[in-house]
There are 2 protein chains.
Amino acid sequence: MDATRLPTLEDVARAAGVSRATASRVINGVRNVDPKLHSVVWDAVNATGYVPNRLARSLVTRRSGTIVLVVSDSETHDDDPFLGRFFADPYFGRVVGGLMKVLRVAGIQLALQMVGTAEQRTRLVGDLRHGQADGAVVLSLPASDPLPGMLTDAGVPAVLIGRPGEPVPINYVDLANETGAGLAADHLVARGARTIGMISGPPAVPAGADRIAGFRRAMARHGHGYVPLVSGNFTRESGEAATRDLLGRHPDIDGLFVANDLMALGAVITLRAAGRRVPGDVAVVGFDDSSAALAADPPLTTVRQPLEDMAAEAARLLLARLDDATMRPSSVIYEPALIVRGSA
Amino acid sequence: MDATRLPTLEDVARAAGVSRATASRVINGVRNVDPKLHSVVWDAVNATGYVPNRLARSLVTRRSGTIVLVVSDSETHDDDPFLGRFFADPYFGRVVGGLMKVLRVAGIQLALQMVGTAEQRTRLVGDLRHGQADGAVVLSLPASDPLPGMLTDAGVPAVLIGRPGEPVPINYVDLANETGAGLAADHLVARGARTIGMISGPPAVPAGADRIAGFRRAMARHGHGYVPLVSGNFTRESGEAATRDLLGRHPDIDGLFVANDLMALGAVITLRAAGRRVPGDVAVVGFDDSSAALAADPPLTTVRQPLEDMAAEAARLLLARLDDATMRPSSVIYEPALIVRGSA
DNA sequence: AGGGGGTTGGAGAGCGCTTTCCGAAGTGTG
DNA sequence: CACACTTCGGAAAGCGCTCTCCAACCCCCT
């Protein structure tokens with residue numbers, strides 16, 4: 001198969017009758033090269049079928065043309081099922097889509113890395129410093145994860161999607177989660193719901209915590225000092241379980257805020273199975289405005305999170321940082337919007 | 001930030017008082033090294049905070065520890081929306097999940113590459129031959145895509161998910177799509193449906209074509225020589241449009257096979273909006289058994305495609321091929337199963 | 001005590017590329 | 001026509017690592 005050695009720059013140079021250096025200059029479009037040589041070299045490239053060895057190039061330039069998408073593995077390492085869940089979650093796909101939209105036109109590759117153990121974190125940072133990847137986009141981590149600090153300390157270009165747990169001078173893109181949760185609270189109260197519960201995500205993740213805090217704060221403003229709360233893990237199944245739980249403890253519930261659409265979908269299914277009509281008996285507001293919201297019956301009233309835009313912005317931020325190493329960390333916070341559909 | 005140069009193997013060797021070669025041997029666990037030196041070297045590694053430069057290593061070993069997931073860009077390059085759709089589709093997530101499950105334990109990274117133009121194909125193959133990635137998993141391509149042949153010709157380890165358009169000696173994992181479509185046909189007929197239509201995927205993709213062929217064949221066996229057919233592109237929206245179209249042309253339809261769940265979801269929504277009850281007036285069978293099937297109301301009767309398992313098998317096949325370059329191309333075909341739920 | 005076989009560790013040659021440093025040409029001016 | 005100045009292309013030094021030789025050494029047997 002690979003009978004012959006791959007053509008190298010040396011071969012091109014020989015074929016073109018110039019030095020390796022000149023060939024390199026032409027191929028990389030560096031100035032200081034006689035225009036006449038241009039075509040000579042390019043012809044040699046085509047004649048030999050030369051493709052640059054990006055590894056070798058990266059080794060010296062310390063630029064790989066690759067961005068790594070870091071996914072926290074900490075919650076997934078014990079129960080395999082969650083791994084599948086995470087990737088199958090529209091959240092992941094929307095982020096990848098948004099990222100690719102920007103990276104593709106910039107000619108940059110995306111690598112995927114799951115990071116859970118301390119050793120993996122060290123290795124990730126090492127790889128980044130070595131130029132194995134030019135930068136990292138880090139998907140919403142548990143607040144306790146030391147990765148953001150490590151990235152900052154290493155001086156590695158990185159952007160978080162979802163704010164860091166501890167304040168750290170690092171780029172990030174986030175949604176005003178508290179505001180979004182407040183929107184949901186306002187809507188449920190305005191609709192006249194009296195007993196309003198919440199199904200949250202994991203409180204250990206900032207996005208989870210912020211939605212809880214925002215919802216509680218807004219509810220308190222409306223005179224509801226106490227909000228029945230059950231936590232899930234952002235999967236539909238956990239939404240179902242949480243709903244059953246909540247229903248058992250507060251059978252009179254007539255309003256429900258669920259911290260993401262997948263769980264909200266589970267909630268709607270469970271509510272209806274329990275004989276409750278949505279929104280007649282229980283009004284449900286979801287979060288994300290993912291494809292799951294439209295799939296539900298009735299379609300979910302939900303808080304829109306423009307994840308694709310956020311991911312694209314993260315990519316842009318990272319690209320800008322790559323161009324200008326002196327760039328100061330900045331954060332972009334998106335405003336959520338309430339999308340009213342059938343469920344509340 | 002990166003005040004100091006990163007420690008290199010040279011530094012470790014000096015700290016340990018051995019040669020670079022010996023340090024390398026210890027770190028890579030090569031035999032022929034005095035056990036006493038083991039700890040000396042490892043201590044030096046820890047003391048210096050050494051992390052191997054994988055780029056440099058790959059340059060010489062021609063092994064990168066990376067697998068590239070190739071996604072066809074040909075259909076997406078014109079209309080941006082589809083890009084997002086594709087990644088947000090559970091299909092993509094399930095594949096990534098299945099792949100990661102195997103690759104993670106093997107300590108192998110996953111890179112993502114969209115390939116559309118001839119130049120991108122050439123570059124992809126070049127990168128692979130250069131050892132930028134050890135192998136490729138290629139997601140279901142249009143039948144006309146020349147990539148499988150190029151991969152084979154280059155002698156690059158690769159596995160397709162979804163059979164190649166032209167017979168090519170290459171590894172692939174696929175579902176018995178025709179059988180699956182037949183299952184759907186049998187079920188619809190057995191249920192007593194008289195006028196049965198189909199919403200297909202793009203016929204240009206083998207999986208799309210096979211489901212059409214399988215459905216037609218089975219229907220013909222049941223005496224239905226002609227099957228009303230409208231094509232979609234596997235998105236929910238296209239499922240809605242196709243359903244409206246079909247309904248307009250065949251208002252008496254009472255059975256519908258839809259080539260994936262996302263479109264089936266759209267079909268159910270559209271049917272109900274048109275006043276048809278599912279399954280009362282129209283029985284609907286989907287395909288994939290993705291999360292969308294459970295989200296639908298009623299939950300979708302669907303043909304199960306064990307995509308995670310298929311992807312995992314693809315990864316395993318690739319890994320085996322990496323270990324044994326002489327391995328002959330093989331194919332693994334999974335058998336579909338009909339999952340009966342509420343919609344038919 | 002001398003030599004054969006087996007281990008062990010070091011020197012050094014690359015892997016394919018970029019890029020600095022220089023010498024050689026080419027250009028214009030006094 | 002000589003001189004300073006610019007432009008261009010080549011030689012060669014690495015980037016950090018692996019791995020092939022090969023020299024040195026140890027152990028044991030005769």
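Chain letters run A, B, ... following the sequence lines, proteins first and then strands; every chain starts at 1.
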Please report, rounded to the nearest Å, how far the [atom2] atom of [N] is from the [atom1] atom of [X].
| X | N | atom1 | atom2 | result |
| --- | --- | --- | --- | --- |
| L59(A) | dA13(D) | CG | P | 17 Å |
| R57(B) | dC19(D) | CZ | C1' | 13 Å |
| L9(A) | dA12(D) | CG | C1' | 14 Å |
| K36(B) | dG9(C) | NZ | C1' | 13 Å |
| Q132(B) | dG16(C) | CD | C1' | 13 Å |
| E10(B) | dG10(C) | CD | C1' | 12 Å |
| R129(A) | dC15(D) | CZ | P | 16 Å |
| R14(A) | dA11(D) | CZ | P | 13 Å |

Which nucleotide in the set dG10(C), dG16(D), dC17(C) lies at the smallest distance from any side-chain heavy atom of V18(B)?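 Closest nucleotide among those given: dG10(C).
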Can you identify which nucleotide, out of dG16(C), dT18(C), dG10(C), has its nearest atom closest to the T22(B) side chain?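 Nucleotide nearest to T22(B)'s side chain: dG10(C).
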Spell out yes or no: do the side chain of R62(A) and the base of dG16(D) have one donor N/O and one acceptor N/O closer than 3.5 Å?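 It does not, because no donor-acceptor pair links the side chain of R62(A) to the base of dG16(D) below 3.5 Å.
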Considering only heavy atoms and no angle criterion, is a donor-acceptor pair shorter than 3.5 Å present between the side chain of R25(A) and the base of dG10(D)?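 Donor-acceptor pair under 3.5 Å: yes.
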For the atom pair CG (L318(A)) and CG (L160(A)), what is the distance rounded to the nearest 0.5 Å?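 So the CG of L318(A) and the CG of L160(A) are separated by 10.5 Å.
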Return the 5'-most residue of the pair A21(B), L55(B) with respect to DNA chain D, ranking by each residue's nearest nucleotide.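 On the 5' side of the pair lies L55(B).
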Using only atom types and a distance under 3.5 Å, with no angle test, would you say the side chain of H130(A) pairs donor to acceptor with the backbone of V51(B)?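 At least one qualifying donor-acceptor pair exists.
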Test side chain to side chain contact (heavy atoms under 4.5 Å, CB included) on E308(A) and K101(A); report intermediate values, then the result. CA-CA 9 Å; E308(A) 294 86 352; K101(A) 191 167 178 174; over 6 Å; no
Mind checking R20(B) for me? I need base, sugar-phosphate or nothing, with any heavy atom below 4.0 Å counting as a touch.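 Base contact.
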Across the strands shown, which category fits L37(B) at heavy-atom distances under 4.0 angstrom: base, sugar-phosphate, nothing?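 Contact class for L37(B): sugar-phosphate only.
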OP1 or OP2 of [N] less than 4.0 angstrom from a side-chain nitrogen or oxygen of [X], does that happen here?
| X | N | result |
| --- | --- | --- |
| N28(A) | dT18(C) | yes |
| S24(A) | dT18(C) | yes |
| S19(B) | dG10(C) | yes |

Closest contact, heavy atoms only, A315(B) versus L103(B):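 Taking every non-hydrogen atom into account, CB-CD2, 4.1 Å.
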Aromatic ring pairing F87(A)/F92(A), orientation class (parallel under 30°, perpendicular over 60°, tilted between):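 Answer is perpendicular, since the angle exceeds 60°.
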